[in-house]
Amino acid sequence: MEIIIEEISRGHKLIGRHKFLKDSVAIGRGYHNDIIVSDPHVCADHLNINFNGEYWTVSDANTINGSFIEDSKDLLNEHRVESGDIITLGKSQIRILFPNHPVEESVTFSPFENLIDIARNPATIVFSVLLFAISTGYLFYLNNPKDVTFTQLFVPAIKMTLIFGLWPAGIALVSLLTKHDTRFLSQLGICFVFFNLMWVNDILERFVQFNVSSQWPFVWLIALIPIALSFCMFWFNCIIGFHTTKKRRIAICIGLTALLFGGSALIKISKKPEFNPYPRYNATLMTPDFHVTSSSSVEEFVKDSDKLFKKVSKKAKED
């Protein structure tokens, strides 16, 4: 009679799986057992699983800490085994399964796998990381009021790149600890693709804010793009690193997105406004006509200015 015994963690993550074609299985810390458990709270001879011709039974071998069905305090003694039973011995757990135990439906390949394969290509990763570092250094140069050398741009660019690289590394580590595929290169490639898209969106947002009235709804629409990009990045992180249901994946992505942008908003609200002795020029134009109107020559500009001053002077005399 076949029987499958899985070693699992307290969180029911699979550690090891064994299949036996025999009528008796011994479990314990001793080396003579069929399954050797290296838990110091498990006795040398701890648990016996036997087939009596009709069904399987499990019994504790009069151990110090006992053996129990999960969430039960009754000591096991000739307990009739049901497929899927989880037994606690010491601080370890095993799960007993029969060959006809139902399994979950197969996970279909994601339609985004081709995109993930492109992102994990070493050439794509190198290009994405370099583009991110160059963009970071260039923005640092634009935001720095003082002249800086190439070395001074290089240091913050590398520093920021390494900081952002901690996210895919952390996701890969969590995948490893939860017994899933690490796929670090895929995580790294996808994350830096989205990081670069966020830089592009930042440039687009500044362009819109500069050329469009702040009351125009398009400004609010463009501000939603980073939220959508973050949600999509978290979505890909979950697809690559974890086997979860769609509902759970959506819930995780919404939670991470809310935590990211909600936390940023709370930090901004909590900060007291600082007095700035140097006023900042607000370059927002109140109408897009200024952006789409063709330029004029110096002579035309002077003539138009003279007309404007004459008009104002005339109006002032009338008043």
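All residue numbers in this chain count up from 1 along the given sequence.
Counting heavy-atom neighbours within 6.0 Å of Tyr138 OH, excluding the residue itself, gives a total of 12 or less. Within 6.0 Å of atom CZ in Phe231, more than 12 heavy atoms from other residues, nucleotides or ligands are found, so the atom counts as buried in its surroundings. By the neighbour-count criterion of 12 heavy atoms within 6.0 Å, atom CE of Met198 is densely surrounded, having more than that number from other residues, nucleotides or ligands. Heavy atoms of other residues, nucleotides or ligands lying less than 6.0 angstrom from CD1 of Ile163 number more than 12.
Ring geometry for Phe195 against Phe164 counts as perpendicular: the plane angle is over 60°, on a 0 to 90° scale with 30° as the lower cut. The aromatic rings of His180 and Phe242 sit perpendicular, their planes meeting at an angle over 60°, well past the 30° parallel limit.
Distance CD1/Ile252 to CD1/Ile250: 10.5 Å, rounded to 0.5 Å. For the atom pair Thr63 OG1 and Leu75 CG, the distance stands at 6.5 Å (nearest 0.5 Å). Between the CZ atom in Arg80 and the CD atom in Glu82 there is a gap of 6.0 Å [rounded to 0.5 Å]. Atom CE of residue Met233 and atom CD of residue Gln187 lie 9.5 Å apart, to the nearest 0.5 angstrom. Put simply, CD1 on Ile27 and CD1 on Ile35 are 4.5 Å apart, with the number rounded to the nearest 0.5 Å. In this structure, Arg29 CZ and Leu89 CG are separated by 11.5 Å, a value rounded to the nearest 0.5 Å.
No path of Ile, Leu, Val, Met, Phe, Trp and Tyr side chains, each step under 4.5 Å between heavy atoms, connects Ile239 with Leu173, placing them in separate hydrophobic clusters. Connection of Val155 to Phe132 is not established within any shared hydrophobic cluster, with ILVMFWY side chains joined at heavy-atom distances below 4.5 Å, either directly or through further cluster members. Linking Ile, Leu, Val, Met, Phe, Trp and Tyr residues whenever their side-chain heavy atoms come within less than 4.5 Å leaves Phe68 and Trp56 in two separate clusters. In terms of hydrophobic clustering, with Ile, Leu, Val, Met, Phe, Trp and Tyr side chains grouped at heavy-atom distances under 4.5 Å, Ile49 and Ile8 are assigned to different clusters. If you chain together hydrophobic residues whose side chains sit under 4.5 Å apart, Leu204 and Trp199 fall into the same group.
Proximity of a side-chain donor or acceptor of Ser83 to a complementary backbone N or O of Phe98 within less than 3.5 Å is detected. In this structure, Thr88 contributes its side chain and Glu70 its backbone to no donor-acceptor pair below 3.5 Å. Using a distance-only test at 3.5 Å, with no hydrogens or angles considered, no donor-acceptor pair links the side chain of His46 to the main chain of Asn62. A side-chain donor-acceptor contact under 3.5 Å links Thr124 to the backbone of Ile118. Under a 3.5 Å cut-off, the side chain of Arg120 and the backbone N or O of Gly189 do not form any donor-acceptor pair. For Asn33 (side chain) and Ala44 (main-chain N/O), a donor-acceptor pair under 3.5 Å exists by modelled atom type.
Taking both residues in full, the closest heavy atoms of Thr257 and Cys253 are given as OG1-O, 2.7 Å, listed atom of the first, atom of the second, then distance. Taking all atoms of both residues into account, the shortest heavy-atom contact from Asp39 to Lys91 is OD2-N, 2.8 Å. The two residues Ser9 and Ile15 have their closest heavy-atom pair at N-CD1, 3.7 Å. The two residues Phe261 and Pro226 have their closest heavy-atom pair at CZ-O, 3.5 Å. A pairwise comparison of heavy atoms in Ile125 and Ala119 identifies CG1-O, 3.3 Å as the closest pair. The nearest pair of heavy atoms linking Ala133 to Ala157 is O-CB, 3.3 Å.
Shown here are the side-chain contact (heavy atoms from CB on, under 4.5 Å) partners of Leu260, two or more places apart in sequence or in another chain: Ser230, Phe234.
Cluster partners of Phe309 are absent, since no Ile, Leu, Val, Met, Phe, Trp or Tyr has side-chain heavy atoms less than 4.5 Å from it.
When only modelled atom types and interatomic distance are considered, Thr57 and Asn50 share no side-chain donor-acceptor pair under 3.5 Å.
Counting heavy atoms from C-beta on, the side chains of Thr136 and Pro156 never come closer than 4.5 Å. Side-chain atoms of Ile190 and Val193, non-hydrogen and from C-beta on, never get closer than 4.5 Å to each other. Put simply, the side chain of Phe236 reaches to within 4.5 Å of the side chain of Leu115, judged on heavy atoms. In this structure the side chain of Asn77 reaches within 4.5 angstrom of the side chain of Ser59, judged on heavy atoms. By the 4.5 Å heavy-atom criterion applied to side chains, His12 and Ile86 are counted as neighbours. When side chains are defined from C-beta on, Pro99 counts as touching Ile4, because their heavy atoms get closer than 4.5 Å. Within the 4.5 Å cutoff, side-chain heavy atoms of His79 are placed close to those of Asp85.
Among Leu197, Thr161, Val126, the single residue meeting the side chain to side chain contact (heavy atoms under 4.5 Å, CB included) criterion with Phe192 is Thr161.
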Legend entry - Step-by-step side chain to side chain contact (heavy atoms under 4.5 Å, CB included) determination, Ile171 to Ile240: CA-CA 10 Å; Ile171 293 293; Ile240 294 170; over 6 Å; no

Report the C-alpha distance between Ile69 and Ile87 in whole Å, list the side-chain angles of each, state the deciding distance to 0.1 Å, and finish with yes or no for side chain to side chain contact (heavy atoms under 4.5 Å, CB included). CA-CA 5 Å; Ile69 293 291; Ile87 299 173; 3.9 Å; yes

query = Would Cys191 and Asn237 count as a side chain to side chain contact (heavy atoms under 4.5 Å, CB included) if you check the C-alpha gap in whole Å, the side-chain angles of each, and the deciding distance to 0.1 Å?
reply = CA-CA 8 Å; Cys191 285; Asn237 290 151; 3.5 Å; yes

Do His18 and Val25 pass the side chain to side chain contact (heavy atoms under 4.5 Å, CB included) test, and can you show the C-alpha distance, the side-chain angles, and the key distance before you say yes or no? CA-CA 11 Å; His18 313 272; Val25 179; over 6 Å; no

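Within the structure, the salt bridge (Lys or Arg N to Asp or Glu O under 4.0 Å) test picks out no pair touching residues 241-256 (sequence neighbours left out).
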